[in-house]
2 protein chains.
Amino acid sequence: MAETAATRPSHRAAPSHTHPDEVALTAALAALADPVRLRLVRELAASDEWERTCGSFDVPVGKAALSHHFAVLRDAGVVEQRDIGRKRTNRLRRPEFDRRFPGLLDLVVNDRDG
Amino acid sequence: MAETAATRPSHRAAPSHTHPDEVALTAALAALADPVRLRLVRELAASDEWERTCGSFDVPVGKAALSHHFAVLRDAGVVEQRDIGRKRTNRLRRPEFDRRFPGLLDLVVNDRDG
DNA sequence: CTAATTGTTCGACGCTGATTGAACATACTC
DNA sequence: GAGTATGTTCAATCAGCGTCGAACAATTAG
């Protein structure tokens, strides 16, 4: 029925996002208090938006765990995801997240033990 | 043997402190990603240094858990403790912690869902 | 159509962390 | 001295999180 030409056929259901404004401080801190996710965020911060697919990150975990970590970051308002074909691309929600938690991403991205 | 007149006879052994400089980012985030500890930090930030004893905080946990939370904050370089008589007083390590993790305490103390 | 790629979901496992109650240690008070 | 107040430590419990392997879904390539 040609609804609206299906914006973009997804990998599966479109990932459900949470805006940083709706994220509790403890949730944001907990999301970033993990070495794997920290690495994801840092690599993401060093890349252009929508440039990196989920599988393109250098982290020492399997696919299942990776998927879980991205879900956590999504729920914490840290990343946004968009499906392109069979790949899922990512973007760091810098401006939104920075307005909700000023300085937090800077701290994470620029910390010495990167 | 009059060593040095025992600086200050402690509740027990003097609490072992960790300087913020020796704290990993993930450890700092994890320490603050807890509602009880968040509350301790906030109340502490609103009080004068060495003014609050451990038992003077309004948190919904028993003494054992409280003691544990303070130990976590100590290990994360967030608080400093000093024994006075049978009481243990606290101080937020603002300057040191701010130098190591700029903006983090501000974020925690000034967050909306306080 | 078949096969390969990308990522999610499920069940299970192990580990860490928060909590409690009880026992203990120290210091103050009477 | 005995009794009280303040915290710590221990053992046990319980919930949650990170991880994996396997099964599944959707898309693309041949």
Side-chain angles (χ1 to χ4, degrees), chain A residues 6-17 24 26-41 44 50-76 79-91, chain B residues 6-17 24 26-41 50-76 78-91:
Chain A
T7 48
R8 231 162 262 98
S10 292
H11 177 72
R12 193 190 170 79
S16 74
H17 288 104
T26 52
L29 294 175
L32 297 174
D34 177 278
V36 173
R37 291 194 288 267
L38 223 44
R39 180 132 189 195
L40 296 179
V41 169
L44 217 38
W50 310 120
E51 195 193 53
R52 308 290 304 271
T53 68
C54 290
S56 73
F57 292 83
D58 183 24
V59 287
V61 295
K63 302 193 292 185
L66 228 200
S67 186
H68 164 67
H69 285 303
F70 272 111
V72 172
L73 291 177
R74 240 168 32 222
D75 292 349
V79 304
E80 188 182 353
Q81 299 187 306
R82 178 182 298 173
D83 290 336
I84 295 183
R86 63 185 157 182
K87 304 193 172 181
R88 181 161 282 190
T89 66
N90 299 274
R91 163 191 168 254
Chain B
T7 48
R8 235 164 257 96
S10 291
H11 176 73
R12 194 188 168 82
S16 74
H17 288 103
T26 52
L29 294 175
L32 298 174
D34 176 278
V36 173
R37 291 193 289 266
L38 223 44
R39 179 132 190 194
L40 296 179
V41 169
W50 311 119
E51 194 193 54
R52 308 290 303 270
T53 68
C54 290
S56 74
F57 291 84
D58 182 26
V59 286
V61 295
K63 303 193 293 186
L66 227 200
S67 186
H68 163 67
H69 285 301
F70 272 110
V72 172
L73 290 177
R74 238 167 35 219
D75 292 348
V78 180
V79 304
E80 189 181 353
Q81 300 187 306
R82 179 181 299 172
D83 290 336
I84 295 185
R86 61 184 158 183
K87 303 193 173 183
R88 181 160 282 190
T89 66
N90 298 274
R91 163 193 169 252

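Note: NZ (B/Lys87) to C1' (C/dA25) measures 18 Å, nearest angstrom. In this structure, A/Asn90 places its CG atom 14 Å from P of C/dT6, rounding to the nearest Å. To the nearest angstrom, P of C/dC28 lies 11 Å from CG of B/Asp83. In this structure, B/Arg52 atom CZ and D/dG7 atom P are separated by 11 Å, rounded to whole Å. The nearest whole Å value for the distance from the CZ atom in A/Arg86 to the P atom in D/dT27 is 11 Å. One atom, CG of B/Asp75, and another, C1' of C/dA18, lie 15 Å apart when rounded to the nearest Å.
The side chain of A/Arg88 contributes an N or O atom lying less than 4.0 Å from OP1 or OP2 of C/dT8. In this model, the phosphate group of D/dT6 is not approached by any side-chain N or O of B/Thr53 to a distance below 4.0 Å at OP1 or OP2.
Between A/Asp34 atom CG and A/Arg39 atom CZ the span is 12.5 Å, to the nearest 0.5 Å. Once rounded to the nearest 0.5 Å, the distance linking NZ of B/Lys87 with OG of B/Ser56 reads 8.5 Å.
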Tabulated below should be each protein N or O lying under 3.5 Å from an N or O of nucleotides 14-20 of chain D; please produce it.
| from | atom 1 | to | atom 2 | distance (Å) |
| --- | --- | --- | --- | --- |
| D/dG18 | OP1 | A/Arg37 | NH1 | 3.0 |
| D/dG18 | OP1 | A/Arg37 | NH2 | 2.8 |
| D/dG18 | OP2 | A/His68 | NE2 | 2.7 |
| D/dT19 | OP2 | A/His69 | NE2 | 2.3 |
| D/dC20 | OP2 | A/Gly62 | N | 2.7 |

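Within the 3.5 Å criterion, the main-chain N or O of B/Ala31 finds a donor-acceptor partner in the side chain of B/Arg37.
Along DNA chain C, the nucleotide nearest to B/Leu66 and the one nearest to A/Gln81 differ in position, and the one closer to the 5' end is contacted by A/Gln81.
In plain terms, the two heavy atoms of B/Arg74 and B/Ser16 that are nearest each other are NE-O, 3.6 Å. Shown here for A/Phe57 and A/Arg52, the closest heavy-atom pair between the two residues is CZ-CB, 3.6 Å.
Between A/Arg91 and A/Arg82 there is no side-chain heavy-atom pair separated by less than 4.5 Å.
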